[in-house]
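What follows is a single structure, written as structure tokens, with notes after it.
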Number of protein chains: 2
Amino acid sequence: MARSTIADVARLAGVSVATVSRALNGNPSVDPALAERVRAAAIELQYSASPLARSLVLGRTATIAVVVPDLGNPTFQEVLRGLSLAAKAEGYHVLVADSAEAVEEERALALDTRRRTDGVVLVAPRMPDDELAALLPELAPVVLVNRRPDAKTVPTVGADYSAGVTALLEHLHGLGHRSFAYLAGLERSVSNAARVAAIEAFAERSAITVHRLPGGVDFDAGAASADAVLATGATAALAFNDLVAMGLMSTLQGRGVDVPGELSVVGFDDIPFAAYTSPPLTTAAVPTLRLGELAWAAMSATLGGAGAAAVALGSGAREPAAASASAHPLLVPQLVVRGSSGPASA
Amino acid sequence: MARSTIADVARLAGVSVATVSRALNGNPSVDPALAERVRAAAIELQYSASPLARSLVLGRTATIAVVVPDLGNPTFQEVLRGLSLAAKAEGYHVLVADSAEAVEEERALALDTRRRTDGVVLVAPRMPDDELAALLPELAPVVLVNRRPDAKTVPTVGADYSAGVTALLEHLHGLGHRSFAYLAGLERSVSNAARVAAIEAFAERSAITVHRLPGGVDFDAGAASADAVLATGATAALAFNDLVAMGLMSTLQGRGVDVPGELSVVGFDDIPFAAYTSPPLTTAAVPTLRLGELAWAAMSATLGGAGAAAVALGSGAREPAAASASAHPLLVPQLVVRGSSGPASA
DNA sequence: CTGTTAGCGCCTTCAT
DNA sequence: ATGAAGGCGCTAACAG
């Protein structure tokens with residue numbers, strides 16, 4: 001039973017393929033009676049147009065690609081989920097590509113997936129600025145996640161790292177902390193640079209000292225930094241993200257260090273499990289699911305041509321500050337105080 | 001600058017499109033000199049064949065679809081990741097679809113994605129057997145994850161729930177536990193049925209009593225069951241999965257119940273954060289990443305036609321029991337004893 | 001070894 | 001309102 005084509009339907013309905021095409025696509029210029037006959041024939045043959053052939057002639061695939069650095073990272077998982085759900089709601093499909101942190105492959109991967117889709121959502125925190133700038137035009141339409149766009153021309157959604165870090169620091173400062181350890185992310189990442197800038201800005205207006213430690217983005221990186229953190233004598237540790245914070249706390253626990261008694265630890269992101277560590281992690285909550293939804297909204301707007309969709313996404317009501325309205329939404333992380341932060345010791 | 005087509009390359013190289021096609025596809029029947037000229041022209045024009053047009057004529061898209069019930073679930077995330085990486089290694093792309101637990105939509109979603117790809121990997125633990133059976137033929141090639149196939153004809157990969165549950169039970173039994181609470185998953189899910197069967201089998205040969213409690217698959221479900229668990233008087237709780245176990249422990253902690261002092265709690269899956277709960281969770285580790293890799297291996301074998309790939313996947317060496325060799329690998333979960341389980345109280 | 005031609009399955013002017 | 005015909009971009013016979 002080979003799949004039936006539009007010609008089969010035309011034959012069965014006793015019309016031309018053109019009419020079938022029109023009828024099935026809801027073209028109003030078709031006699032209602034005929035249209036019905038065509039529809040019936042299509043159903044009888046279980047016909048439905050080949051997406052492939054359709055894409056070829058229409059020039060659109062109804063699919064977008066999303067390139068992430070690591071599908072194992074909770075943050076990107078949530079972005080993907082938000083994106084996937086939002087896209088599905090508008091009849092779009094999602095092609096995922098995990099670059100596995102291989103920066104050198106990101107370009108090829110993005111380009112490759114782009115050709116099979118109508119656009120790409122790129123999450124590439126470590127790609128050098130110049131390389132990114134060169135890539136963007138070839139990728140259009142493209143929307144960036146967590147990158148400040150060089151040109152104002154490319155839609156970008158992201159979290160306001162600066163605001164998040166500042167909120168965290170203010171919280172700790174209010175608890176009496178004056179000496180901090182910062183566990184950095186990857187050197188070349190934009191998100192790390194943004195955090196560092198916010199930290200330095202804060203340090204300048206408040207008399208605090210900050211020890212910057214080399215780091216990483218995962219659990220192991222945090223676990224490995226414990227001794228270095230203790231060596232600084234800091235009373236509070238600001239981890240690049242929750243994963244790092246969790247790793248740090250894990251090792252700390254092994255060393256018999258009391259958190260937050262001897263050392264306060266805060267993370268970033270508020271991944272699903274941050275609330276269940278021991279002690280529960282104080283962090284800056286980034287609405288990653290929402291970030292994915294916004295990424296889709298931006299993509300959708302671009303695809304829809306000029307002034308297409310003003311589709312209401314998400315839960316509407318409570319919208320973080322000047323977020324979704326803008327073409328470059330910058331979601332403000334919310335401070336979530338839990339058990340891992342407390343008054344400065346001594 | 002409109003994209004260049006094969007005709008442009010042909011023109012520039014001074015040959016026919018057929019020759020370009022052959023040269024670029026490595027067809028040996030092309031004069032080496034000509035082939036080189038074609039390649040040069042292609043590079044100059046930055047030409048690369050349209051995947052769409054190619055797919056249409058070749059009948060293959062070099063893409064597979066994977067349908068999961070919930071992208072927010074760590075287990076499915078890992079499967080997706082393993083699958084994605086393995087597929088990429090062989091030049092395949094992955095289209096993801098999150099059915100958002102909507103069983104009634106799964107069929108349509110699978111069918112829809114199938115038409116844009118060469119096959120689908122279906123993770124649908126709750127789809128009724130008969131519906132699944134009816135769907136399978138329309139989906140082929142398809143590989144199932146965590147479903148016992150009715151017909152031996154469809155490739156399936158999965159975790160051996162029975163073995164995992166038994167290992168957990170034996171562990172607890174060895175600690176002196178005789179009265180258990182089982183927090184069930186979704187009623188209609190296959191994976192729940194498998195666990196229940198294993199529990200009953202164990203109960204029959206060891207004098208234990210098991211209280212089955214209605215449940216769910218996520219954190220909240222576990223959190224909501226705490227009182228019910230305590231009411232049974234059981235000394236050990238077996239949660240459907242780690243998420244449920246974590247939810248349970250969370251509420252228990254609020255109630256001032258000592259784990260494992262007063263109640264032992266064990267989970268299932270060994271999600272990435274199971275090791276960092278408080279106390280760390282005893283569980284049965286399911287190699288979900290590997291599951292994804294095996295799913296791809298199965299798909300790849302099917303796509304490759306008859307006796308194609310015996311591609312060595314993964315780390316080769318340490319292979320769980322009679323796993324990957326089979327066409328229906330059933331990975332055996334490994335017991336991971338951590339702090340949440342201890343001697344039975346009183 | 002290379003060029004010509006016929007589709008892959010569909011949509012869309014262009015006539016009628 | 002409907003049909004005929006020309007592509008979308010590429011590959012695979014089928015001749016030379």
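Per chain, numbering begins at 1; letters A, B, ... match sequence-line order.
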Note to self: Pick the closest DNA chain C nucleotide for B:Ala35 and for B:Val57 by heavy atoms, then say which residue is nearer the 5' end.
What the structure shows: B:Ala35
Next item on the list: Mind checking side chain to side chain donor-acceptor pair (under 3.5 Å) for B:Glu36 and listing every partner two or more places apart, or none if nothing turns up?
Entry: B:Arg39
Item checked: Given D:dC10, D:dT2, C:dT2, the nucleotide with the shortest approach to the side chain of A:Leu34 -> D:dT2
Margin query: Nearest to the side chain of B:Ser21, heavy atoms from C-beta on, is which of D:dT11, D:dT2, C:dG9?
Written below: D:dT11
Notebook entry, point to check: Can you tell me if the side-chain N/O atoms of A:Thr19 get under 4.0 Å from OP1 or OP2 in D:dG3?
Noted result: yes
Checklist line | Interatomic distance where CG belongs to A:Asp118 and P belongs to D:dC8 [whole Å] | finding: 19 Å
For residues 60-73 of chain B, tabulate all N or O donor-acceptor pairs below 3.5 Å that involve a side-chain atom, not counting sequence neighbours.
from    : atom 1 : to       : atom 2 : distance (Å)
B:Arg60 : NH1    : B:Tyr92  : OH     : 3.1
B:Thr61 : OG1    : B:Thr63  : N      : 3.2
B:Thr61 : OG1    : B:Thr63  : O      : 3.4
B:Thr61 : OG1    : B:Asp118 : N      : 3.4
B:Thr61 : OG1    : B:Asp118 : OD1    : 2.9
B:Thr63 : OG1    : B:Thr61  : O      : 3.2
B:Asp70 : OD1    : B:Gly72  : N      : 2.7
B:Asn73 : OD1    : B:Thr75  : N      : 2.8
B:Asn73 : OD1    : B:Thr75  : OG1    : 3.4

Notebook entry, point to check: So what does B:Val30 hit on the nucleic acid, given a heavy-atom distance under 4.0 Å: a base, only sugar-phosphate, or nothing?
Noted result: sugar-phosphate
Between protein and nucleotides 13-15 of chain D, what N or O pairs are separated by less than 3.5 Å?
none

Notebook entry, point to check: Considering residues at least two apart in sequence or located in another chain, which fulfil the side chain to side chain contact (heavy atoms under 4.5 Å, CB included) criterion with A:Val57?
Noted result: none
Note to self: Quick check on the helix from C:dC1-D:dG16 to C:dT16-D:dA1: what's the angle between its two end axes, five base pairs per end, to the nearest 10°?
What the structure shows: 50°
Notebook entry, point to check: D:dG9 P sits how many Å from B:Arg11 CZ, rounded?
Noted result: 12 Å
Next item on the list: Starting from C1' on C:dC10, measure out to CZ on A:Arg3 and report it in whole angstrom.
Entry: 14 Å
Notebook entry, point to check: Of all of residues 44-53 of chain B, which get a heavy atom below 4.0 angstrom from DNA chain C, listed by number?
Noted result: none
Next item on the list: Only pairs at least two apart or in different chains count here, so list each ring-ring contact (aromatic ring centres under 6.0 Å, His included) that has a residue in residues 10-68 of chain A.
Entry: none
Notebook entry, point to check: Which pairs count as salt bridge (charged side-chain N to carboxylate O under 4.0 Å, His left out) when at least one residue sits in residues 92-105 of chain B, sequence neighbours excluded?
Noted result: A:Lys88-B:Glu105, B:Glu101-B:Arg126
Notebook entry, point to check: Which part of the nucleic acid does B:Leu58 contact within heavy-atom distance under 4.0 Å: base, sugar-phosphate only, or nothing?
Noted result: sugar-phosphate
Next item on the list: Just jot down the side chain to side chain contact (heavy atoms under 4.5 Å, CB included) partners of A:Arg37, sequence neighbours excluded, or say none.
Entry: A:Val15, A:Leu34
Item checked: Closest non-hydrogen atom pair, A:Val121 against A:Ala295 -> CG1-CB, 4.2 Å
Notebook entry, point to check: CG of A:Leu56 versus P of D:dC8: gap in Å, rounded?
Noted result: 9 Å
Check: Counting side-chain heavy atoms from CB outward, which of D:dT11, C:dG9, D:dA1 is closest to B:Arg54?
Finding: D:dT11
Margin query: Can you list everything that forms a salt bridge (Lys or Arg N to Asp or Glu O under 4.0 Å) with B:Asp8? Sequence neighbours excluded, please.
Written below: B:Arg11
Check: So what does B:Ser29 touch, heavy atoms closer than 4.0 Å: a base, only the sugar-phosphate, or nothing?
Finding: base
Item checked: Test item: B:Thr117 side-chain N/O and B:Thr113 main-chain N/O as donor-acceptor pair under 3.5 Å -> yes
Check: Listed by chain and number, what are the side chain to side chain contact (heavy atoms under 4.5 Å, CB included) partners of A:Pro137, not counting sequence neighbours?
Finding: none
Next item on the list: Give the rounded distance in Å between these two atoms: CG of A:Asn27 and P of D:dA1.
Entry: 9 Å
Next item on the list: Before accepting this row, confirm whether a basic side-chain N of the pair B:Arg114/B:Glu138 lies closer than 4.0 Å to the acidic partner's carboxylate O.
Entry: no
Item checked: Closest-nucleotide 5' rank along DNA chain C - winner of B:Arg115 and B:Val15 -> B:Val15
Check: Once you round it to whole Å, what is the distance between C1' of C:dT12 and CG of A:Asn25?
Finding: 11 Å
Check: A:Ile6 has an atom CD1; how far is it from atom C1' of C:dG9, in whole Å?
Finding: 8 Å
Item checked: Options D:dC10, D:dG3, C:dC11, nucleotide nearest the side-chain atoms of B:Thr5 -> D:dC10
Checklist line | Sequence-distant partners of A:Ser189, side chain to side chain donor-acceptor pair (under 3.5 Å), two or more places apart | finding: A:Ser191
